[in-house]
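Written below as structure tokens is the structure these notes are about.
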Amino acid sequence: MPNKFGASAIQVGCSLLLSVMLFACGGFPTTHPDPAKNNSTNYKNDLKDCAQAYPETPDGVYLKSRIACLQLKGWR
């Protein structure tokens, strides 16, 4: 007979993980106040530049650094 507490803990853990992932994705800047720079080509170039400056790490700290990098480039 399965343990109901274990199943409940797994559900809570999965829900928490999903919430954190959605929150992290929602924080990425995607618009630029300058209409001339607010296009997908400039965004991809700036994102690529920030990705090269802050390579991926197992602990996920690079995401905050990339967000800060994009914000320094003017993305909101």
Side-chain angles (χ1 to χ4, degrees):
M1 185 164 183
N3 184 354
K4 290 187 178 192
F5 178 73
S8 176
I10 291 172
Q11 288 175 342
V12 169
C14 288
S15 296
L16 181 62
L17 180 63
L18 181 62
S19 299
V20 168
M21 288 173 46
L22 288 175
F23 178 74
C25 292
F28 248 74
T30 56
T31 58
H32 200 287
D34 183 359
K37 293 182 179 182
N38 193 19
N39 58 50
S40 63
T41 303
N42 285 335
Y43 181 74
K44 287 178 186 177
N45 288 338
D46 286 345
L47 185 61
K48 183 179 176 182
D49 185 40
C50 291
Q52 288 177 344
Y54 300 100
E56 202 168 316
T57 59
D59 59 3
V61 175
Y62 69 96
L63 290 173
K64 285 185 179 181
S65 301
R66 288 182 186 180
I67 290 171
C69 177
L70 285 171
Q71 289 174 342
L72 283 174
K73 293 179 176 283
W75 294 94
R76 304 283 174 230

Margin query: Show me the pairs that pass ring pair (Phe, Tyr, Trp, His ring centres under 6.0 Å) and involve residues 47-70, at least two apart or across chains.
Written below: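 Listed by first then second residue: nothing to list.
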Say you draw a straight line from [atom1] of [X] to [atom2] of [Y]; how long is it, rounded to the nearest 0.5 Å?
{"X": "L63", "Y": "E56", "atom1": "CG", "atom2": "CD", "answer": "7.5 Å"}
{"X": "L47", "Y": "N42", "atom1": "CG", "atom2": "CG", "answer": "12.5 Å"}
{"X": "D46", "Y": "W75", "atom1": "CG", "atom2": "CH2", "answer": "6.0 Å"}
{"X": "S65", "Y": "L70", "atom1": "OG", "atom2": "CG", "answer": "11.0 Å"}

Notebook entry, point to check: Tell me, which pairs form a salt bridge (Lys or Arg N to Asp or Glu O under 4.0 Å) where one or both residues lie in residues 67-76, sequence neighbours left out?
Noted result: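 The answer is D49-K73.
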Next item on the list: Evaluate the side chain to side chain contact (heavy atoms under 4.5 Å, CB included) criterion for residues I67 and Q71: first the C-alpha distance (whole Å), next the side-chain angles of each, then the deciding distance (0.1 Å), finally the verdict.
Entry: CA-CA 6 Å; I67 290 171; Q71 289 174 342; 3.8 Å; yes
Checklist line | Nearest heavy-atom neighbours spanning G74 and P33 | finding: O-CD, 3.1 Å
Notebook entry, point to check: Which residues pass the side chain to side chain donor-acceptor pair (under 3.5 Å) test with D59, sequence neighbours left out?
Noted result: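 So D59 forms a side chain to side chain donor-acceptor pair (under 3.5 Å) with T57.
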Notebook entry, point to check: Are any of the side-chain heavy atoms of F28 and R66 separated by less than 4.5 Å?
Noted result: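 F28 vs R66: side chains touch.
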